[in-house]
There are 2 protein chains.
Amino acid sequence: MFFSINPTNGLAIFDQIVRQVKFAVANGTLPPGEMVPSVRELAKELAVNPNTVVKAYRDLTSEGILEAVRGTGLNVTKDAVAHCEKERLVLLRERMRHVLEEAHSSRLEADEIRSLVEDELVRLERSAKGKRGKKGADT
Amino acid sequence: MFFSINPTNGLAIFDQIVRQVKFAVANGTLPPGEMVPSVRELAKELAVNPNTVVKAYRDLTSEGILEAVRGTGLNVTKDAVAHCEKERLVLLRERMRHVLEEAHSSRLEADEIRSLVEDELVRLERSAKGKRGKKGADT
DNA sequence: CGAAGTGTTCTATCGTGATAGAACAGTAAA
DNA sequence: TTTACTGTTCTATCACGATAGAACACTTCG
């Protein structure tokens, strides 16, 4: 499935779920009309309490991103895509800003910040590649 | 004073204090032997509960960064500088990594991430300039 | 029908961060 | 000594995120 939880993220679990659903909608992984995993199913998959998933889905529903079909499940609304596409960068930018503000107020130079970002970007690329090419070396 | 609290930071107040003390030690703003503000004074200045400052100072003391002089106050230890210089990048890098991981898992391209970072960096530069040259334009 | 799956709602408990307020022991200076 | 600072240690309360377990109304399918 698309979802995963990172306990050291700094974000609450329910918030991580909310954001990942939004991101999945924004990039087309979760198209309108598609059903999200059921509360109990997702809770089991993430090894998380069902009530935590309930809270995430409740927030998403009250934002108009999900809608309930009684007795059946929750699906992505038609309006969700535009909404999530707009919000995607806003959410990421806001978090990024907090980190950069801390770096800046700690007297880190802009170039030091840039190289820190580059370090972590290549690290991300490497681990992504590592997952794609399971056994082989490269290619 | 050097310290300030950002409620929307995602970090607990006591943790923000801990990190800011470490950063101040790392960049020489808070040299060894220097006294940190008293518990009650800092609590008043940050409009925060004294117990919150106590917790931050207790953590810093148990890490060997501050030491108590009974009846007088807390001062920065001799070993603190090396310790904090090492930890500075680690702390910032760890937080940065979490944000970049989220951006990456949301299918944001590396170049989009870079331009997002650049956006926020110039924003930081602007606000820093704005604070330095209060009334005048530049110089 | 009945069983199994939906979402929804409820109470209770726990840990943590924060607040509030009080008390105690030590030091410094008038 | 007295006063006014230090740090330190309590108890109590609150909000919030998370957990646990149960119940209810609805739909789908055999």
Whole-Å distance between dT8(D) P and D59(B) CG? 12 Å
Identify which nucleotide among dA18(C), dT27(D), dT8(D) has an atom closest to any side-chain atom of T72(A), counting heavy atoms from C-beta outward. dT27(D)
At 4.0 Å (heavy atoms only), tell me whether V54(A) reaches a base, stays on the sugar-phosphate, or touches nothing. base
Take atom CG of L11(A) and atom C1' of dC16(D), then tell me their distance rounded to the nearest Å. 15 Å
So, is S38(B) close to the dT6(D) phosphate, meaning a side-chain N or O under 4.0 Å from OP1 or OP2? yes
Once you round it to whole Å, what is the distance between P of dA18(D) and CG of L46(A)? 12 Å
Distance-only donor-acceptor test (3.5 Å): side chain R58(A), base dG7(C): no
Using whole Å, what does the distance between atom C1' of nucleotide dT19(D) and atom CD1 of I17(A) come to? 14 Å
Does a nitrogen or oxygen in the side chain of T52(A) sit under 4.0 Å from OP1 or OP2 of dG17(D)? no
So, S4(A) and N6(A): side-chain donor and acceptor under 3.5 Å apart, yes or no? no
Does T77(A) reach the main-chain N or O of E67(A) with its side chain, forming a donor-acceptor pair under 3.5 Å? no
What is the separation between atom CG on L60(B) and atom P on dG7(D), rounded to the nearest whole Å? 13 Å
Which is more 5' along DNA chain C, the nucleotide nearest R40(B) or the one nearest A47(B)? Just name the residue. A47(B)
Quick check: on DNA chain D, is the nucleotide nearest A12(A) upstream (toward 5') of the one nearest V69(A), or the reverse? Name the residue that is more 5'. A12(A)
Under 3.5 Å, is there a donor-acceptor pair between the side chain of R123(B) and the main chain of R97(A)? no
Nearest heavy-atom neighbours spanning H98(A) and N9(B): CB-OD1, 3.7 Å
Side-chain donor/acceptor contact of N51(B) with base of dG17(C) under 3.5 Å: no
Which of the following nucleotides, dA18(D), dG7(C), dA20(C), is nearest to the side chain of N49(B)? dA20(C)
F14(A) side chain, from C-beta outward: closest of dT19(D), dG17(D), dT8(C): dG17(D)
Rounded to whole Å, the OH-C1' distance (Y57(B) to dT6(D)) equals 12 Å
Within the pair K55(B) and dA18(C), is there a side-chain N or O less than 4.0 Å away from OP1 or OP2? no
If you check the A68(B) side chain, which of dG17(D), dT27(C), dT8(D) turns out closest? dT8(D)
In whole angstroms, how far is the P atom of dT6(D) from the CD atom of E41(B)? 7 Å
Give a yes or no on this: more than 12 heavy atoms of other residues, nucleotides or ligands lie within 6.0 Å of atom CZ of R93(B). yes
Of the listed dA18(D), dG7(D), dC10(D), the closest approach to the I13(A) side chain comes from dA18(D)
R70(A) side chain, from C-beta outward: closest of dG17(D), dT27(D), dG17(C): dT27(D)
In terms of side-chain heavy atoms, does T29(B) have a donor or acceptor partner in N27(B) at a distance below 3.5 Å? yes
Whole angstroms only, please: what is the CE-P distance between M35(A) and dG5(C)? 15 Å
